[in-house]
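Accompanying notes for the structure given below.
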Amino acid sequence: MGQEEIRRHNVGTLLRHVHLGGSVSRTVLTERMRLNRSTIMALIAELAGAGLVREELPPGTGRAGRPSLVVRPESGRVYVLAFDVAVDRLVAARVALGGGVVERREAVRPRAGADLDRVVEVLARFGRQLYRTAPRDSVCVGVGASYCGMIRPGDGMVRFGPDMGWVDQAFGAELGRRLGIGLPVSVGNEAHLGALAEQRRGAGTGLRNLIYLHGDVGVGGGIIVGGKLLDGDSGYGCELGHMVVNPYDGRACGCGSHGCLEAEVGERALLDAAGRPAESFGRDAVRAVVDDADRGDPVAQAALEHIGDWLGIGVANLCNLFNPGMVIFGGTLREMYPGAAAQVRARIAANVLPVARERVRLRVSALGDDATLVGAAELGFSDLLADPLGVLARTAS
């Protein structure tokens, strides 16, 4: 690696620490990056000169001694546009450096089959509004989108989205064209991005090995191994919802198989177990079952326990395979998990190897419904964090 590449890497690494940490002292940066103090000061000066960070005294500096200045992101200088496409909703947001959501738009997404044109129309309109309302001296440095399906790396093609019938839909290219701001749209699978978001900013902050399970109509998954997302040979890895847990008399799955995890613990499985009618669906219907269980309804409680047993089987398999430090439940699973926790823990106790279960923690998403949106924003920032000065020069010109 040449000197210029080393410098670019160090500048990006320092900005990443500030972007994720929000406020980091020179001393901490020196320790984390294992560089000398003068090099750290030079890197900070470069980023401050570009308007990406600022230095200031930490709060409560009245004590004796010379405090180390803290470095903060200049959140008003650069931002990304982030989009989240779930089965029932569409979200767009302007997200500042440092991760703060500055402004957002949201719309209901009807369950109407392959709806590429409508999805792109709504998101592009939201994105243009957010772009126009940004401060005049700010710069959009990236666009990231989360989609509830299998995404081809590189071009944002949705190869397969079983819940809405999307097959080979050019989502990323179409959204970029209709958005019309001269930036490509980076697209990722919602659960993959949710896993990254929770590992960087949520319940799993700092952990190098975790599993994120995301409930919507079905179940998606993201696995972090050694600090990196497990993506598979073609980018379609971690389809945890299609792990077969009940092969002999399992429920039919939208993928064409039977007994997949998402078929046994997804939205329809819960509503059927709770005796809800076929016309009952969506997040509100799931919440109604959870609320009824909280109020002591025995049918709703039994439904969550039934779902929890199958969920526990899936989690037990994942713990034996990957030995995660944490399993995080997001999306609708975040709401369902408390009523199913006893069954999940019982399956872990009965079916996970003792050495693999002794340290694993079970948590609900700390980012809530915004986990996948936060992941999309981080995807949008990825180029800037790899080459801050180069990206800023290109996008600001």
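The figures here come from the full heavy-atom set of this structure, side chains too, leaving out hydrogens, waters and symmetry mates.
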If we only count heavy atoms from C-beta on, is the [X] to [Y] side-chain gap below 4.5 Å?
X: Ile151; Y: His192; value: no
X: Thr395; Y: Leu183; value: yes
X: Leu311; Y: Arg347; value: no
X: Leu318; Y: Met243; value: yes
X: Val70; Y: Arg26; value: no
X: Glu239; Y: Leu261; value: no
X: Val85; Y: Ser146; value: no
X: Ser25; Y: Val71; value: no

Lys/Arg N to Asp/Glu carboxylate O, [X] vs [Y], below 4.0 Å:
X: Asp370; Y: Arg104; value: yes
X: Arg177; Y: Glu121; value: no
X: Glu4; Y: Arg7; value: yes
X: Glu198; Y: Arg200; value: no
X: Arg77; Y: Asp137; value: no
X: Arg152; Y: Asp168; value: no
X: Asp88; Y: Arg283; value: no

Residue pair Val265, Val219: steps toward the side chain to side chain contact (heavy atoms under 4.5 Å, CB included) verdict: CA-CA 8 Å; Val265 308; Val219 174; 3.6 Å; yes
Verify whether one side chain among [X] and [Y] offers a donor that lies under 3.5 Å from an acceptor in the other.
X: Ser23; Y: Arg72; result: yes
X: Gln343; Y: Asp309; result: no
X: Thr133; Y: Glu103; result: yes

Under the rule for ring-ring contact (aromatic ring centres under 6.0 Å, His included), what residues qualify as partners of Phe381, not counting sequence neighbours?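 ring-ring contact (aromatic ring centres under 6.0 Å, His included) check on Phe381 returns His19.
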Check the pair Asp369, Arg334 against salt bridge (charged side-chain N to carboxylate O under 4.0 Å, His left out), reporting the backbone distance first and the verdict last. CA-CA 9 Å; Asp369 289 344; Arg334 180 175 184 265; 5.6 Å; no
Heavy-atom pair with the smallest gap, counting every atom of Ala269 and Ala263: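 Scanning both residues, the minimum pair turns out to be CB-O, 3.3 Å.
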Nearest heavy-atom pair of Cys319 and Pro324: which atoms, and what distance? CA-CD, 3.7 Å
Glu358, CD atom: more than 12 neighbouring heavy atoms under 6.0 Å: yes
Would you say CZ of Arg208 has more than 12 non-hydrogen atoms from neighbouring residues, nucleotides or ligands within 6.0 angstrom? no
Is [X] linked to [Y] within one hydrophobic cluster, defined over Ile, Leu, Val, Met, Phe, Trp and Tyr using a side-chain heavy-atom separation of less than 4.5 Å?
X: Met157; Y: Leu116; value: no
X: Leu97; Y: Val11; value: yes
X: Val244; Y: Leu321; value: no
X: Phe126; Y: Tyr131; value: yes
X: Leu333; Y: Val360; value: yes

Output the distance between atom [atom1] ([X]) and atom [atom2] ([Y]), rounded to the nearest 0.5 Å.
X: Leu90; Y: Asp115; atom1: CG; atom2: CG; answer: 7.5 Å
X: Phe160; Y: Cys255; atom1: CZ; atom2: SG; answer: 6.5 Å
X: Ile328; Y: Ser365; atom1: CD1; atom2: OG; answer: 7.0 Å
X: Arg32; Y: Arg16; atom1: CZ; atom2: CZ; answer: 13.0 Å
X: Asp216; Y: Thr332; atom1: CG; atom2: OG1; answer: 6.0 Å
X: Glu262; Y: Ser257; atom1: CD; atom2: OG; answer: 10.0 Å

Does [X] reach the main-chain N or O of [Y] with its side chain, forming a donor-acceptor pair under 3.5 Å?
X: Asn320; Y: Asn351; result: yes
X: Asp383; Y: Gly142; result: no
X: Gln199; Y: Leu207; result: yes
X: Ser234; Y: Tyr236; result: no
X: Gln169; Y: Ala114; result: no
X: Glu264; Y: Ile307; result: no

Side chain to side chain contact (heavy atoms under 4.5 Å, CB included), that's the test. Do Met336 and Leu270 meet it? Break it down for me. CA-CA 9 Å; Met336 294 160 59; Leu270 175 68; 4.1 Å; yes
Could you please spell out the steps behind the side chain to side chain contact (heavy atoms under 4.5 Å, CB included) verdict for His258 and Cys253? CA-CA 5 Å; His258 286 75; Cys253 183; over 6 Å; no
Just to verify, which of [options] counts as forming a side chain to side chain contact (heavy atoms under 4.5 Å, CB included) with [X]?
X: Phe83; options: Val120, Leu179, Val122; answer: Leu179
X: Leu29; options: Leu14, Leu43, Leu35, Thr13; answer: Leu14
X: Phe322; options: Leu210, Asn209, Ile223, Val327; answer: Ile223

Quick one: sort the His306 and Trp310 rings into parallel, tilted or perpendicular, breaks at 30° and 60°. perpendicular
Should the pair Phe171 and Tyr147 be assigned to parallel (<30°), tilted (30 to 60°) or perpendicular (>60°) ring geometry? tilted
Checking Arg363 now: which residues fulfil side chain to side chain contact (heavy atoms under 4.5 Å, CB included) with it, not counting sequence neighbours?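 By the side chain to side chain contact (heavy atoms under 4.5 Å, CB included) rule, Arg363 matches Ala203, Met326, Arg361.
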Pick from Arg287, Gln301, Arg276: which one makes a side chain to side chain donor-acceptor pair (under 3.5 Å) with Asp292? Arg276
Centre of Tyr79's six-membered ring, under 6.0 Å away, within 45 degrees of the axis: is that where NZ or CZ of Arg94 sits?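 The answer is yes, since Arg94 meets both limits relative to Tyr79.
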Test: Arg109 cationic atom under 6.0 Å from Trp166 six-membered ring centre, within 45° of axis: yes
For Leu362 and Tyr337: C-alpha separation, side-chain torsions, deciding distance, then whether side chain to side chain contact (heavy atoms under 4.5 Å, CB included) applies. CA-CA 10 Å; Leu362 306 178; Tyr337 175 71; 3.3 Å; yes
